[in-house]
Amino acid sequence: MGLVKVCEVADIPAGEMLAVDVEGLPPLLVYNLDGDFYSTSGICTHSIAMLSDGYLEGDTIECPLHGGCFNVRTGEATHFPCEEPLETFAVEISDGEVFIKL
């Protein structure tokens, strides 16, 4: 599988996230953690909720529906009621552009 461009580095300030759409995949989020970029599924594994409506603090995304949390670096569920990890996607940066490896 290849690389898919999802945005520009400048589109995501440090400490922020951006919802992106990639054909054939569920909604995704891309995170800028002080210049390190990560990507996960944008849908909570506990209940169908959009994590883009949640709260990013450090490397933790909190679901807006029930307050469950995930580590955006690993996808690991870190706070109840979430138990199943988020799917993660490798991110590559090239010439100021953000790509997700599929």
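Note that these values count all heavy atoms, side chains included, but never hydrogens, waters or copies made by symmetry.
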Taking all atoms of both residues into account, what is the closest heavy-atom pair of Ser47 and Leu65, and its distance?
OG-CD2, 3.5 Å
To the nearest 0.5 Å, atom CD of Glu8 lies from atom CG of Leu18 at 11.0 Å
Phe89 vs Leu28, test: side chain to side chain contact (heavy atoms under 4.5 Å, CB included). Steps then yes/no.
CA-CA 9 Å; Phe89 300 87; Leu28 302 178; 3.3 Å; yes
Quick one, Leu33 with Tyr38, criterion side chain to side chain contact (heavy atoms under 4.5 Å, CB included). Give me CA distance, side-chain angles, the key distance, then yes/no.
CA-CA 8 Å; Leu33 303 183; Tyr38 300 89; 3.8 Å; yes
Summary of salt bridge (charged side-chain N to carboxylate O under 4.0 Å, His left out) pairs that have at least one residue in residues 19-39, sequence neighbours excluded
none
Using modelled atom types and a 3.5 Å cut-off, is there a donor and acceptor pairing between side-chain atoms of Thr45 and backbone atoms of Glu84?
yes
After noting the C-alpha distance and the side-chain angles of Leu86 and Leu51, does the key distance pass the side chain to side chain contact (heavy atoms under 4.5 Å, CB included) rule?
CA-CA 11 Å; Leu86 293 174; Leu51 293 174; 3.7 Å; yes
Using a 4.5 Å cut-off on heavy atoms from C-beta on, say whether the side chain of Ile12 contacts that of Cys7.
yes
Got a sec, which residues hit side-chain hydrogen bond (donor to acceptor under 3.5 Å, both in side chains) with Glu97, two or more places apart in sequence or on another chain?
Lys5
Could you list the donor-acceptor pairs under 3.5 angstrom formed by side chains in residues 53-63, with sequence neighbours left out?
residue	atom	partner	partner atom	Å
Asp59	OD2	Asn71	ND2	3.4
Asp59	OD2	Arg73	NE	3.2

Same cluster (ILVMFWY, side-chain, under 4.5 Å), Val9 and Ile100:
yes
Report yes if some heavy atom in the side chain of Ile93 is under 4.5 Å from a heavy atom in the side chain of Phe37; otherwise report no.
yes
Show your reasoning for whether side chain to side chain contact (heavy atoms under 4.5 Å, CB included) applies to Val91 and Val98.
CA-CA 7 Å; Val91 176; Val98 180; 3.7 Å; yes
Residues forming a side chain to side chain contact (heavy atoms under 4.5 Å, CB included) with Pro27, sequence neighbours excluded:
Ile43, Met50
Would you indicate whether His46, at its atom NE2, is surrounded by more than 12 heavy atoms from other residues, nucleotides or ligands within a distance under 6.0 Å?
yes
For Ala19, the side chain to side chain contact (heavy atoms under 4.5 Å, CB included) test, sequence neighbours excluded, returns Leu29, Ser52
Restricting to salt bridge (charged side-chain N to carboxylate O under 4.0 Å, His left out), what partner residues turn up for Glu16, sequence neighbours left out?
none
